[in-house]
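Everything on this sheet refers to the single structure shown next.
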Amino acid sequence: MKIAFFNTKPYDQRFFEKANARHVHELLFLQPHLDENTAVLAKGFDAVCIFVNDRLDAALISKLANMGVRLIALRCAGYNNVDLKAASKNSLTVVRVPAYSPYAVAEHTMALLLALNRKVHRAFNRVRESNFSLEGLLGFDIHGLTVGVVGTGKIGTIVARILNGFGCHILAYDPYPNSECEKLGADYTSLENLFSKSQIVTLHCPLTPDTHHLINQSAIAKMKEGVTLINTSRGALVDTKAVIAGLKTGKIGYLGLDVYEEEGDMFFEDLSGIVIQDDVFARLTTFPNVIVTGHQAFFTQEALTNIAETTLANIKEFELTGTCANRITTS
Ligand code: NAD
């Protein structure tokens, strides 16, 4: 099939060209995001391939359909950025990569947690300045703590398994409890109870209208004093202003974010020579007890290999059968 890849970086091209040796699709790699202005570049292509920060609303989807595009291939797991109802209305199939390396995201969650609780980010800078003082670097043991895992799908379950190895007590919240987590000794409970009992809260649920700002002022008020909060899922699960208020009072003791609700125009780009206009984000980066990474939890060799292979296999399956096991439906 002829596929226009939007919003690509050199690493996307490397991994997709390698995977395409088996599929022999016709690939065009484009740097711009897919939006109202760039959609015209998809003319003559059967499929567009997009990433987490390409927002496909009803108008854009209708434009793509009118140009003859039949397939939207997401090279990611989350799909909150695509209007699925509009895709269905325009007979466009949407496919995704449901699991490419849940280990990558689970391990990055642990990287944020372990960097925060032992203040590795501060220690790294100090030692480079020949400052070997330990003042201000006092950490805490993770062993024995209660950790609340919100969302126990593929990633949340691996996080629970790792935390089990650390000797943590796991409280879990998920509308669909998972027997593997139960076997690990996780106790499923209400969200309120999870918030009030956990010293660490980590988010692994999708972004939906129900989970938007799941962590807001009232949720934070229910949490333990000095709670550690980690979000490697989707930015808008967290009301950033409420979290900043919580950091200022000390209610939130540590914050690790790989995602940010307004990341769309910033993340994945080198903006080091530009003044950041987002004051909320800028405030976040001033706290000594906050680590923000730029949506890199997925970014491992294994994950990029799987993303490329699964995406191209999805497209081949659609080409041959008109449908795909990894198709996303509105139901
Ligand atoms: P998954 O579908 O396997 O698991 C999601 C779980 O969340 C499911 O068990 C589901 O029942 C549960 N859930 C749904 N609504 C919920 C709610 N209201 N409260 C609590 N739980 C709820 O997905 P996954 O592969 O484990 O991925 C989890 C999330 O991680 C994705 O939605 C995606 O947004 C994010 N993600 C981030 C990165 C990254 O690079 N930072 C990479 C991949 C995925």
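All values reported here derive from a predicted model rather than from experimental measurement. Just so you know, ligand 1 is whichever comes first in the structure, and atom 1 is the first atom listed for that ligand.
- What sits closest to atom 4 (O) of ligand 1 on the protein, heavy atoms only, is Gly153 CA, 3.2 Å.
- The ligand atoms of ligand 1 that sit less than 4.0 angstrom from a heavy atom of Tyr100 are 42 (C), 43 (C).
- Closest protein heavy atom to atom 32 (O) of ligand 1: Pro206 CA, 3.3 Å.
- From the protein, the heavy atom lying nearest to atom 29 (C) of ligand 1 is Ser233 OG, 3.1 Å.
- Judged by the shortest distance from any of its heavy atoms, Pro175 lies inside the 4.0 Å radius around the atoms of ligand 1.
- Residue, atom and distance of the protein heavy atom nearest to atom 34 (O) of ligand 1 are Arg234 CG, 3.2 Å.
- The shortest heavy-atom distance from Gly78 to ligand 1 is not under 4.0 Å.
- Nearest residue to atom 5 (C) of ligand 1 from Gln296, His204, His212 is His204 (criterion: closest heavy atom).
- In Thr152, the part holding a heavy atom less than 4.0 Å from any atom of ligand 1 is the backbone.
- When only non-hydrogen protein atoms are considered, atom 40 (O) of ligand 1 lies nearest to Phe298 N, 3.1 Å.
- At the top of the distance list for atom 1 (P) of ligand 1, counting protein heavy atoms only, stands Lys154 NZ, 3.8 Å.
- At a 4.0 Å heavy-atom cut-off, ligand 1 touches Tyr173 through backbone and side chain alike.
- Closest to atom 18 (N) of ligand 1 among all protein heavy atoms lies Thr211 CG2, 3.2 Å.
- For ligand 1, the polar-atom distance check against Asp210 finds no nitrogen or oxygen pair separated by under 3.5 Å.
- Contacts of Tyr79 with ligand 1, taken as heavy-atom pairs under 4.0 Å, are absent altogether.
- Contact annotation for His295 and ligand 1: only side-chain heavy atoms (C-beta onward) come within less than 4.0 Å of the ligand.
- Glu261 and His213 share a side-chain donor-acceptor pair at under 3.5 Å.
- Evaluated for a side chain to side chain donor-acceptor pair (under 3.5 Å) with Tyr188, the options Thr152, Asp174, Asn193, Asn178 yield exactly one hit, Thr152.
- Ranked by closest heavy atom to atom 12 (C) of ligand 1, the top entry among Leu207, Thr232, Asp174 is Asp174.
- For atom 44 (C) of ligand 1, the closest heavy atom belonging to the protein is Ile155 CD1, 3.7 Å.
- A side chain to side chain donor-acceptor pair (under 3.5 Å) with Asp54 is found for exactly one of Asn7, Thr38, Asn81, namely Asn7.
- Residue Cys205 holds the heavy atom nearest to atom 21 (N) of ligand 1 of all those in Cys205, Gly294, Cys76.
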